[in-house]
Structure formats: C-alpha cells, structure tokens
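Here the structure comes first, spelled out in structure tokens, and everything after it is commentary.
Every number for a ligand or one of its atoms is a count from 1 in the order of the listing.
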Amino acid sequence: MSMAIQSICCIGAGYVGGPTMAVIADRCPHIQVTVVDLNAARIAAWNDPDLGGLPVYEPGLDAVVGRCRGRNLHFSTAVDAAIAQADMVFLSVNTPTKTRGIGAGQASDLRWIEASARQVAAAAQGHTIVVEKSTLPVRTAAVIKTILGAAEGETPSGRKSFAVLSNPEFLAEGTAISDLEAPDRVLIGGEEPAAIEALASIYQQWVPTERILRTNVWSSELSKLTANSFLAQRISSINSIAALCEATGADVREVARAIGADSRIGPKFLKAGPGFGGSCFQKDILNLVYLCRHYGLDDVAAYWESVVSLNSWQQHRISTKVVQNLFGTVTGKRIAVLGFAFKADTNDTRETPAIRICADLLEEGAQLAIFDPKVSTQQMALDLGQPPQHPPGGNALSGEGVWQVAPSPEAAVRGADAVLVLTEWQQFTTLDWPALAVLMRQPAWLFDARAICDAHGARAAGLKVWRVGEG
Ligand code: UDX
Ligand code: ADP
C-alpha cells in the first residue's frame, strides 16, 4: 500500500520547480501544491493575476498556471509553514557550478540544497518524503538523508521521519510543458518501496505506467548526468564535423540528415550551431568529470572534459570568423546580434553562447546592437558585465567595445557591417533580407551561426553569407 499524498511543497520557484509543480497541480486536482521561494519578487510574479508577468517564459505555462492557481496551486514565501503541511517536499533549488574552493569550476555548489534540507529537517512534521528534483551530483541523496536523519525521532507533535527519493527532471526549456505532460520517461530512484510508489502514483495520473522507471538512488542520479552528457556530446560531435564541412565543401545539414537516417543514430540533437548553452549541459558534464577524477578515473574524466572544450572552441571559432571576415578588425564597427537566449522560446541566458561570443567582439572593440524578443536589457547587462552604452560619437575608432539593445532586427542592422544570428528564434527564419540589406553599410555580412536564415534571399540582396557547417 502506498501512502496517498495530499499535500506537496516545492522549495524553489524557478525554471524547474514552477513548471513541474504547475503540471502536477493540473493533473492531480486532489493534491494541494505549494511552491515556496525565498525570493519574494519571484513569488509575487508567480502570483501576478495578469499572468503576463510569470518569472519563467515557457509556451503553454500561463494556461496551466491560470487553471490551477488559487485552486490547488499556491505560491508563497512562507517556507516553514508549507513544509510542515506537506507529505512530500520537492527540492528544486539552484545548484550552479562552484566558483571557489574545492572543486571550483567543476563541482556543484550544494549550499542551497544543504540549507533547504536543514530547513525541511527542522520544519517537517510526521512522515515526509523528500524528493531531489534539482540536478545533483551522484550521492547527494546520502547527504540529504544524513541531514534529515539527525532530526528523526519523537517530537512534541509526534514522530518525525523521512524517506529520500531521486526524481531527476528531464524537461528542456521552451518545451517544458509538453515534456512534462508527455515525458519519454519518469525516473524514480529510491530505497523505500512505499515512498517510490507514493511518487509513482502521482505521475500515474497522466504518465503511462511503462514509462515510469524505478531504479536505485545512485542509478537515478547518475542517469541524469549521463543523459545530459550524451546529448551534449552529440552537439560537440556535430559542431566538430561542421568545421570540417566548412573546410572541405561538405554541408553539415546534409551530413546530419544522412547519419540521422541510421536508426541507431537517430535524427535529433544533430544541429550544428554556436555551441550548447543552458543551465544543465556544461554543469552536468563537469560534475561527471569531477566524479570520475574523485574515483581515480582520469582518462574517463578527460574524455568527457573534451566535450566541454570543444564547445568553448566552437564559440570562439564563431567570433573569430566574424573578425577575420570583417578585414581582421571590428573596432568601431556596428554588428547586429540577433538572439541572446541560449535557445529559442526561452528568456534564459545561463551559459548562452551569446555571452562568450559578444564578450569576444566587445574585447575587439565592436559596437553591438543586440535584439532578442524575450531577454531583458538588465539580464544582458549582468551577463556582459558592463552596462548598455551608446556608441561614442566622433571618434568611433577609439577602441572601446560597447553594446546597446535594439527594439527590432531592423533597428539592430541599421548602419551595421554584419548581422550575427545566435538564437534560432522563429522570426529570424523569415527576415526580409532585401529590406534589411539596404539599411546596412556595404559590403555587409550575414553570419548565421544557426543556419536558419534564408541564405539565398540574403545573398540575392547583396550580402556576403557565412553559415555554420556550409563549405
Ligand atoms: C537540457 C536537456 O535537454 C533536458 O533533458 C535536461 O533536463 C535539461 O538540459 P535545455 O538545456 O533546456 O535541456 O535545452 P536543450 O534543448 O537540451 O538545448 C541545450 C543546448 O543545446 C541549447 O543551447 C541548444 O541550442 C543546443 N542544441 C541543441 C544544439 O546546438 N543543437 C541541437 O541539435 C540541439
Ligand atoms: P532551476 O533552473 O534549477 O529551477 P532557478 O535558479 O531558476 O533554478 O530556481 C531556483 C530557486 O530556488 C531560486 O528562485 C531561489 O531563490 C530558490 N531557493 C534557493 N534556496 C532556497 C531556499 N533555501 N528556500 C527557498 N528557496 C530557495
């Protein structure tokens, strides 16, 4: 007999916690779901009655939240109260790569996970199932279990006990809602059958039984890192071949189609581009690398590390292409950058290739005009480490790299020597090249790092065109 869950608390109202809990609340109207966060502004945005202000942009999310909010989906800053009421607590806090100390640059920073585990230990009542949702290094469940274990036992309000499960999220940003509503699989790792079945019974409300996989807790944690590392490896593989295509006259899209037709390889995740970004891929591979080193598997560590180095190489390769083709200098030149998010249909910029590529161009003294339909100016300023600034009048060749936001692609390209497309937003596939080309300073270039633009149209409009992977 599994325990029937009536009340869920999710700690962390971010990209993972928000959409995941919205879909659980939608599919399980009998369960009260409360998403809590320390960040009051974020909670206020989730509670925004106009829905326009949700802190996470995700197609379809506003409809799901609109159906459930106030019914059985609640957003709150009262963390302890929500934990105390819950039969099940999801941990969806941020786990970025450590920037200092032991394992800096590779290991995940677990301070937020540990803090929330301690908070659960203190505030929980009765039996509570704690579910790791954030991507975590393997064996984190043991740490959480130890912290919770210290709080177990008799209390004035009855016996306190915990079970810990690993339930990694596999949602991709931009398709989070469909990934959650129709997942390829749901993975539940744990030791206690009753806890596993309690969580499985939630997913069974909408996920076919055969797609709910049960494993031990270490396999579950490691599967998440491995899945993301394999996906990232495919991108580095195709990007490496893109460079070879450019050198040999092959076309990477034709190569991808040809190899993707092999059912053993499959067609997905074979798009060459400016390199992978997002909060997961690099972090998860680096975690894997750290883990391998820890266990003395240095060759295995080096193997996976090369996936990340190839990715950085690809990003620098693109900025270098721009500089080389613009006669070896971009100082004082205006370059339109179309797209800043790490992929289309998200406002997330974590690890976006745009950061490194723009930083390279700013270092070379370029004047960037950036257009992205979803990323805010404040976010770009944080990512680029300098505020937006108008290009210096008069002495444009002074050499200082500056950037500003453009309200439209047209505004971005006005007076520019080049357009650089970094994100595959749908609207960039239908740009009117004859209309844009006349606004630019000739000779002008289109650098299409996603190979999504109408290259034929751009060439016909008189632009020189570079497309990733086209020889
Ligand atoms: C990823 C995983 O897909 C998801 O399962 C996991 O839980 C979280 O990490 P996400 O980072 O949201 O999801 O995006 P994803 O669609 O995987 O793309 C990651 C990066 O790879 C993006 O920068 C994207 O542009 C790039 N990419 C993807 C390519 O360059 N080529 C491709 O063919 C696919
Ligand atoms: P992810 O992509 O993993 O969802 P985010 O950074 O978008 O990551 O969201 C994580 C959220 O977790 C943040 O909004 C942060 O404020 C919140 N958070 C971190 N630690 C705690 C904590 N101890 N209690 C409540 N919320 C927390």
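- In this structure, Trp46 and Phe75 have parallel ring planes: the angle between them is below the 30° cut-off, well short of the 60° mark.
- Within a 6.0 Å sphere centred on CZ of Arg71, other residues, nucleotides and ligands contribute more than 12 heavy atoms.
- On a distance-only criterion, Tyr15 and ligand 2 share at least one N/O pair closer than 3.5 Å.
- Between Cys245 and Asp251, the shortest heavy-atom distance links the atoms SG-C, 3.9 Å.
- With hydrogens and angles left out, the side-chain atoms of Asn216 and Ser219 include a donor and acceptor closer than 3.5 Å.
- Nearest non-hydrogen protein atom to atom 27 (C) of ligand 2 is Val93 CG1, 3.8 Å.
- For the residues Cys10, Ala117, Gly14, Pro96, the heavy atom positioned nearest atom 9 (O) of ligand 2 is part of Gly14.
- At a 3.5 angstrom cut-off on N or O pairs, Gly278 does not count as close to ligand 1.
- Considering backbone and side-chain atoms together, Arg42 places an N or O closer than 3.5 Å to an N or O of ligand 2.
- The single protein non-hydrogen atom nearest to atom 16 (O) of ligand 2 is Asp37 OD1, 2.6 Å, given as residue, atom name and distance.
- Two rings, from Trp425 and Phe340, have their centers 6.0 Å or more apart.
- The part of Arg450 lying near ligand 1 is the side chain, judged by heavy-atom distances below 4.0 Å.
- With a 4.0 Å heavy-atom cut-off, ligand 1 is reached by no atom of Asn239.
- Listed by number with element, the atoms of ligand 1 under 4.0 Å from a non-hydrogen atom of Lys224 are 7 (O).
- Residue-to-ligand polar distances place Val16 within reach of ligand 2: an N/O pair is separated by less than 3.5 Å.
- For atom 19 (C) of ligand 2, the nearest non-hydrogen atom of the protein is Asn94 OD1, 3.2 Å.
- Considering both main-chain and side-chain atoms, Pro353 never comes within under 3.5 Å of ligand 1 through any nitrogen or oxygen pair.
- Looking at atom 11 (O) of ligand 1, its nearest protein heavy atom turns out to be Phe342 CE1, 3.5 Å.
- Of all the atoms in ligand 1, the ones that sit under 4.0 Å from a non-hydrogen atom of Phe276 are 20 (C), 21 (O), 23 (O).
- Considering only non-hydrogen protein atoms, atom 26 (N) of ligand 2 sits nearest to Leu38 N, 3.4 Å.
- Shortest contact from atom 18 (O) of ligand 1 to any protein heavy atom: Lys343 CD, 3.9 Å.
- For ligand 1, the atoms sitting less than 4.0 Å from at least one non-hydrogen atom of Leu270 are 33 (O), numbered in the order shown with element in parentheses.
- By the 6.0 Å and 45° rule, Lys374 stacks over the aromatic ring of Tyr57.
- Across all non-hydrogen atoms, the minimal contact from Ala256 to Leu270 is CB-O, 3.6 Å.
- Taking a 6.0 Å sphere around CD of Gln205, one finds it holds more than 12 heavy atoms contributed by other residues, nucleotides or ligands.
- Not a single N or O atom of Leu231, backbone or side chain, sits closer than 3.5 Å to an N or O atom of ligand 1.
- Looking at every heavy atom in both residues, Ile113 comes nearest to Ser134 through CD1-OG, 4.2 Å.
- Within the structure, ligand 1 lacks Arg234 among the residues with a heavy atom less than 4.0 angstrom away.
- Distance from atom 31 (N) of ligand 1 to its nearest protein heavy atom, with residue and atom name: Lys271 O, 2.8 Å.
- Nearest-residue assignment for atom 1 (C) of ligand 1 (options Tyr15, Phe170, Phe281; heavy-atom criterion): Phe281.
- Nearest-residue assignment for atom 4 (C) of ligand 1 (options Leu171, Val468, Ile235, Leu422; heavy-atom criterion): Leu171.
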Phe162 and His127: CA distance, side-chain angles, deciding distance, side-chain contact (heavy atoms from CB on, under 4.5 Å) verdict: CA-CA 6 Å; Phe162 298 97; His127 185 64; 5.7 Å; no
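- Each of Gln6, Gln85, His74 was checked for a side-chain hydrogen bond (donor to acceptor under 3.5 Å, both in side chains) with Gln32, and the lone residue meeting it is His74.
- For atom 8 (C) of ligand 1, the nearest non-hydrogen atom of the protein is Cys280 SG, 3.4 Å.
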Residues Tyr203, Asn167; criterion side-chain hydrogen bond (donor to acceptor under 3.5 Å, both in side chains); working and verdict: CA-CA 11 Å; Tyr203 287 109; Asn167 174 221; 2.6 Å; yes
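- When non-hydrogen atoms are compared, ligand 1 lies under 4.0 Å from the side chain of Asn228 (C-beta onward) but not from its backbone.
- In Ser134, neither the side chain nor the backbone holds a heavy atom less than 4.0 Å from any atom of ligand 2.
- When only non-hydrogen protein atoms are considered, atom 12 (O) of ligand 1 lies nearest to Glu173 N, 2.6 Å.
- Summary of contacts: the protein heavy atom closest to atom 8 (O) of ligand 2 is Arg350 NH1, 3.7 Å.
- Contact between Gly53 and Asp48 at its shortest, heavy atoms only, is N-OD2, 3.1 Å.
- Contact between Met21 and Cys10 at its shortest, heavy atoms only, is CG-CB, 3.4 Å.
- With ligand atoms numbered from 1 in the order given, ligand 2 contributes 11 (C), 12 (O), 17 (C) to contacts under 4.0 Å with heavy atoms of Gly12.
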Steps toward salt bridge (Lys or Arg N to Asp or Glu O under 4.0 Å) verdict (Glu210, Arg185): CA-CA 8 Å; Glu210 66 279 7; Arg185 72 339 201 156; over 6 Å; no
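- Looking at every heavy atom in both residues, Val289 comes nearest to Glu305 through CG2-N, 3.7 Å.
- Residue Trp112 has no nitrogen or oxygen atom sitting less than 3.5 Å from a nitrogen or oxygen atom of ligand 2, judged on distance alone.
- For a threshold of 3.5 Å applied to N or O pairs, the pair formed by Ala172 and ligand 1 contains no separation below that value.
- Residue contact check: Glu169 has heavy atoms under 4.0 Å from atoms 7 (O) of ligand 1.
- Within 6.0 Å of the NZ atom in Lys271, the count of heavy atoms belonging to other residues, nucleotides or ligands does not exceed 12.
- Residue-ligand proximity, Gln119 to ligand 2, at heavy-atom distances under 4.0 Å covers atoms 23 (N).
- Atoms of ligand 2 lying under 4.0 Å from at least one heavy atom of Ile11, given by number and element, are 22 (C), 24 (N), 25 (C), 26 (N).
- Counting only heavy atoms from C-beta outward, the side chains of Trp466 and Ile318 approach each other to under 4.5 Å.
- Across Thr140, Thr95, Asn287, a single residue satisfies side-chain hydrogen bond (donor to acceptor under 3.5 Å, both in side chains) together with Ser108, and that is Asn287.
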